[in-house]
Amino acid sequence: MKCLTGQILDYADDPRRAGDSAIRHIEDGVIVIGDDGRIAWSGERSDLPANYATLETIDYGRKLILPGLIDAHLHFPQYRMLAAFGKDLLDWLNRYTFIEEQRYCDGEIAAAAARAFLDELLRNGITSCLAFSTIHPVALDCLFDEASRRNMAVASGKTLMDRNAPQGLLDTPQAAYDDSTALIAKWHGKGRLKYAISPRFAVTSTEAQLEATGTLVKENPGLLIQTHLSENPAEVEFVASQFPWSKDYTDVYDRYGLLTPSSLFAHGIHLSERELARLSEAQSAVVHCPTSNNFLGSGLFRLHHTTESDHPVNVGVGCDVAGGMSYSMFDTLRDAFTVSQLVGSRISAHEAFFRATLGNARLLGTDKEVGTLEAGKYADLVVLDPCATPLMAERHALSRDLHDVLFALMILGDDRAVAETWVAGDPVKPRS
Ligand code: GUN
Ligand code: ZN
């Protein structure tokens with residue numbers, strides 16, 4: 001067993017809705033980590049039970065210890081293709097992304113990519129994610145093998161696509177069903193891994209494949225489902241032309257039974273009120289990926305309109321690498337802030353860090369295991385240094401309260417502000 005000391009911060013709920021009582025901030029805090037990699041105790045140093053008082057201690061001083069950050073949407077096979085100069089989503093997919101992803105039929109390439117991808121997440125304090133892979137079962141095997149070796153809580157699945165992409169990225173409805181079924185049996189629930197049924201988006205699946213996807217959902221109730229929805233106006237138009245019977249984009253997924261309480265739809269920028277109401281009724285979630293939306297010029301997501309209308313929809317956050325411009329959760333939250341400014345409502349730093357921790361854990365169905373610093377949860381942690389650079393230290397001197405400190409971190413921070421990342425009780429930040 002060991003002890004970490006420092007400032008500790010976690011959220012019991014969304015502070016925007018529940019108020020400041022949802023924020024637990026302890027300036028002189030202690031986290032006790034058990035030999036099982038879980039948190040044995042956390043709280044005020046003055047309340048530390050006597051039997052923990054002599055444990056080996058790592059002192060983080062004034063640094064902040066938070067639950068490990070969670071990314072609810074990104075693409076493993078796009079790990080190195082950031083900064084591709086595309087016009088918009090469909091152009092970027094066709095010119096760069098579909099070419100890069102075809103390499104993942106090769107197990108050696110995929111294994112090396114999995115190491116680099118997970119290293120990059122850990123370097124940024126991200127201990128858990130829901131990620132897309134490719135259609136190739138071997139690519140998913142490599143990602144899950146590497147995550148398993150690191151004891152990381154990773155959710156992913158084989159991508160399903162059978163049209164409108166190069167031949168090397170297409171499967172069939174039957175292969176989609178057979179491969180997914182075999183991979184679910186092989187991986188779901190192994191250690192901390194979760195399987196996610198993963199149709200890429202309506203553009204790249206035939207009706208027959210969406211039908212097969214619906215069958216997978218029925219046969220595996222409760223499994224995560226991830227896809228993309230209403231990201232870009234040209235995409236929305238294309239989907240309408242491919243599914244002329246549909247009321248709208250959301251209705252396409254609805255028809256095949258893909259709207260469930262464990263469904264996460266990336267983007268959801270251009271949804272109608274009808275679509276929001278239907279997502280709300282189904283208790284499905286939308287994942288806001290602001291650096292991607294800005295990079296691809298996809299549009300401005302209306303965060304609080306989505307979460308607070310008459311038909312509220314849960315919203316997670318993700319970097320969407322490599323449509324996204326950065327792995328850093330600080331960058332994701334910074335762009336969530338600037339986009340919220342542009343649509344006339346501000347996301348606070350507390351709401352932002354809640355969404356990147358317990359909020360995303362709830363959407364991934366892992367909130368009993370991670371997302372806060374409560375005893376019993378895995379010791380997946382991130383240690384943040386608000387004074388990581390000379391400029392940040394000077395800015396920190398101006399901060400008047402905790403919100404100021406967190407806000408400066410999310411606006412100015414990068415991986416240098418991640419002093420350490422802990423996964424299941426071990427320090428694992430790769431040193432570059
Ligand atoms: N829609 C379908 N595939 C993708 C993808 O790889 N990235 C993004 N941003 N949107 C998508
Ligand atoms: Zn995506």
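Order of listing sets the numbers, starting from 1, for every ligand and every atom in it. Bear in mind that the values here come from a model prediction, so they are computed numbers and not experimental data.
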Students should be able to answer this: which protein heavy-atom is nearest to atom 10 (N) of ligand 1, and at what distance?
Glu231 OE1, 2.7 Å
Non-hydrogen atom of Glu235 closer than 4.0 Å to ligand 1
no
Tell me whether the centres of the aromatic rings in Phe201 and His267 are closer together than 6.0 Å.
no
Below 4.0 Å, non-hydrogen atoms only: which portion of Thr204 touches ligand 1? Side chain, backbone, both or neither.
neither
His73 near the Zn ion (ligand 2) via N/O/S, less than 2.8 Å:
yes
Residue His267, metal the Zn ion (ligand 2), N/O/S under 2.8 Å
no
Is the NZ or CZ atom of Arg192 both under 6.0 Å from the centre of the six-membered ring of Tyr378 and within 45° of that ring's axis?
yes
Does some side-chain heavy atom of Thr159 sit less than 4.5 Å from a side-chain heavy atom of Asp171?
no
I need the nearest protein heavy-atom contact for atom 7 (N) of ligand 1: residue, atom name and distance, please.
Trp92 CZ3, 3.5 Å
Can you list the ligand 1 atoms lying under 4.0 Å from a non-hydrogen atom of Phe201?
1 (N), 2 (C)
Between His228 and His75, does the ring centroid distance fall short of 6.0 Å?
yes
Roughly how far apart are Met329 CE and Leu69 CG, rounded to 0.5 Å?
5.5 Å
Check the orientation of Trp245 and Phe243. Use parallel for under 30°, tilted for 30 to 60°, and perpendicular for over 60°.
perpendicular
Please determine if Lys377 and Asp367 form a salt bridge, counting it only when a charged side-chain N lies under 4.0 Å from a carboxylate O.
no
heavy-atom search around atom 1 (N) of ligand 1 in the protein gives His228 CG, 3.4 Å
Per-atom contacts, ligand 1 versus Leu93 - under 4.0 Å to a heavy atom
3 (N), 4 (C), 5 (C), 6 (O)
Could you tell me if any non-hydrogen atom of Phe132 lies under 4.0 Å from any atom of ligand 1?
no
Do any nitrogen or oxygen atoms of Gln78 lie less than 3.5 angstrom from nitrogen or oxygen atoms of ligand 1?
yes
When distances are taken from atom 9 (N) of ligand 1, the protein heavy atom at minimum range is Asp320 OD2, 2.7 Å
Quick one: nearest non-hydrogen protein atom to atom 3 (N) of ligand 1, plus distance?
Arg200 NE, 2.8 Å
Glu100 with Arg80: basic N within carboxylate O range, under 4.0 Å:
yes
Tell me which N, O or S atom of His228 sits nearest to the Zn ion (ligand 2).
NE2
Does Asp320 bring an N, O or S atom to within less than 2.8 Å of the Zn ion (ligand 2)?
yes
Between Arg17 and Glu308, is there a side-chain N and carboxylate O pair less than 4.0 Å apart?
no
